[in-house]
Amino acid sequence: MSAAAVTLRLGHLYPGEMNIYADRGNIAVLERRLAWRGLGLEVTGIGIGDPIVAGAHDLFYLGGGQDRDQAVVAEDLARTKAGALREAVAGGAAGLCVCGGFQLAGHGYTGTDGSRMPGVGILDLDTVAGPTRLIGNLVIEAELDGERRSVVGFENHAGRTRLGPGSRPLGRVVQGHGNNGEDGLEGGVTGRVIGTYLHGPLLPKNPWIADTLIGWALEHRTGAPVALAPLDDTMEEEAHAAAVARATRRRGR
Amino acid sequence: MTAPSVTIARAAGRLSRRLGRGGGTSLPGKVLLKLRPQALSELGRELPRGVTVISATNGKTTTARLVASCAREAGWDLVANTSGANLLSGVATALLDAQGRRPAPEAGLFEVDEAALVEVARQLRPRVLLLMNLFRDQLDRYGELEHLAALWTRMVAELPASATPVLNADDPAISALGAGRRGVLTFGIDDTSVALDALPHAADSTRCRLCAHPLTYDLVSLGHLGHWRCEGCGAARVSPDVRATRVTLHGATGIAVRIETPQGPVEAELPLPGLHNAYNATAATAAAIAMGIAPDAIARGLAASPAAFGRGERVTLDGRRLVLLLAKNPTGANETVRTVLLDPEPPHLLIALNDRTADGHDISWIWDVDYEPLLARAASLTLTGDRAHDLALRMRYAGHPAERMTVIPDPEAALDHAVATAPAGGTLYVLPTYTAMLGLRETLVRRGVAEAFWRER
């Protein structure tokens, strides 16, 4: 299959519940950047109780939700989707999991009351609720496919996430807290699945990550590496630079 | 109360004004509460007609001004914080400023920040507590909506039986606060002509508060407000005590409402545009009824109240009419978009995004706003503020071409550009976040076309 007429198939997990941090901005970026290259994006919402059809998706998206919704989602993920999702990513499908979605992509989440919410384990990491929320602008030095870039966004999470040997970090914290505020790491990557606390949303100011995900998903779709046509990212770069300047300046006013 | 603490705190306010540090709308209260932590309840107790407190994510400043206007029409002498200083210190400053005033004020009327509300209510013991809505707003500051809803539930449960909670029947989260309580007054909109086609993307709170089943809406009016019911457990919106039965939107300039109350109907034309102001008028009417104000005074009060600063306020600059429409969270911004679209002319737009403490540091909310219908009709688009470049990306990924927008982070330069782009005699719609609005107003005050907010009544 040539890349010329390809439509990528995005499985948007729990669009009704996991959308608290403007997650639709990430989807809009994927859609536009594909369209500008003459490629399509077909978004399928996968909600509570819906099965994941084997081989039907090149890319999955899982965003963040309110605590109440996240508990409902965790239970449904474990019961109706975990196996199929693990198989899909083992078969080379890409994934982006943000904030609450990042936590659920790991092994699980232990609350302050000791309660345990299961994860799907497509990333090797585990999360424990901390005593305070880690909030603020976040700048990291990220590495994907051997390339290093500055990535910027906003974090707001109570969970302290620690990586196991099966996931490597998305990047190192330059400014902000990251996974747990202690080890200087941010996010987690295994295969073609990226998890991160960065929202803002993530992709508009970091189109490099969007294009990496698109490249991975196209490779899943077509079976071969695909070279993406470059785009004019002047506005993205301006917004990125302004956000980094804002993050490294003193907070407040 | 006369105490040295009062004298010192008032001196601090005069000093603040003289030093040009704004209107001194918070500092004296801060000093007072430091010197005398129980001052709020002491000063509140001195008011013979008691205190009314108003809170909401959106609409509290405008609604407080409407209620104040109704109370004045009824001949009440009020102490109020209508300048928008709505934390504990702002309320204390307003009470402090009223000390020694002749005639002595009879009642207090305060709009209070959602997060500060629980403490203000505990200290002030309001006789009427108007709670209007809870929308997703500043997650980094207020936390999740669920968190605030839980705090408010406890607060309402702890109100004395003599107090009247005035609750929005159309907001499932607010309506639930009155469960099991007697003496609640409810309000809502019953005019079906205001309905949206579907729940907007930014809608929150769309699951049943009792059984978590997704809610069914027979009518969506605004955000997640509307005529809701749960097919899971049978919970449903109550038919409200105070209900707007006719809402007419006069373009982007004003509204007319007919509101039925247990004391008789209220009809009024307001110079405030948009459906959100119909909610504000209905909420204000319900609060005024709970305070014991008669419908004829309410009708006069609604009609007489000008727009609050930055909230539908109009000024003229260089022959162009500027309409300032504060837009600080997804639902509020969606309503300003809806209001601007009521203008039959393609709108000239200046959108300003700051990320300071009072705005919230997290600007991701702009991606939850439905700007698309506005962009489709925009005659010009100027973007400004600390995060102007983020706004530009939001519009770019909405499909708006780069050559049809101008990005000028400096607000004053952006204002001049946007004004010059609009034709003489035309209208420029300004959609700023809170601190961006204050900054733009400072410019307008300096140029002599607007009044400083602390000089407004």
Strictly below 4.0 Å, N to O, side chains only: are B/D370 and A/R24 in salt-bridge contact?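 A/R24 and B/D370: salt-bridged.
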At a 4.5 Å cut-off on heavy atoms, which part of [X] comes close to chain A: side chain, backbone, both, or neither?
X	value
B/M405	side chain
B/A212	neither
B/V369	backbone

Would B/D362 and A/H199 count as having a side-chain donor-acceptor pair, cut-off 3.5 Å?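 Yes.
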To the nearest 0.5 Å, how far apart are [atom1] in [X] and [atom2] in [Y]?
X	Y	atom1	atom2	answer
A/N26	B/S364	CG	OG	10.0 Å
A/K205	B/L393	NZ	CG	7.0 Å
B/D390	A/M235	CG	CE	10.5 Å

Work out which heavy atom in A/A22 is nearest to a heavy atom in B/W367; give both atom names and the distance.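 Taking A/A22 first and B/W367 second, the nearest heavy atoms are CB-CB, 3.5 Å.
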For A/R32 and B/R396, run side chain to side chain contact (heavy atoms under 4.5 Å, CB included): C-alpha distance rounded to whole Å, both residues' side-chain angles, the deciding distance at 0.1 Å, then the answer. CA-CA 9 Å; A/R32 290 279 171 198; B/R396 170 167 155 85; over 6 Å; no
Does any heavy atom of chain B fall under 4.5 Å from the side chain of [X], the backbone, both, or neither of them?
X	value
A/N19	both
A/A35	neither
A/E237	neither

Derivation and outcome, side chain to side chain contact (heavy atoms under 4.5 Å, CB included), residues A/Q66 and B/R207: CA-CA 12 Å; A/Q66 301 210 37; B/R207 282 177 179 274; over 6 Å; no
So does A/D113 have more than 12 non-hydrogen atoms from other groups sitting under 6.0 Å from CG?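 Enclosed.
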B/E442, CD: over 12 other non-hydrogen atoms inside 6.0 angstrom: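 Atom CD in B/E442 is not packed in, count stays at 12 or less.
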A/E236 vs B/Y397, side chain to side chain contact (heavy atoms under 4.5 Å, CB included): CA-CA, chis, key distance, verdict: CA-CA 10 Å; A/E236 286 78 355; B/Y397 283 99; 2.7 Å; yes
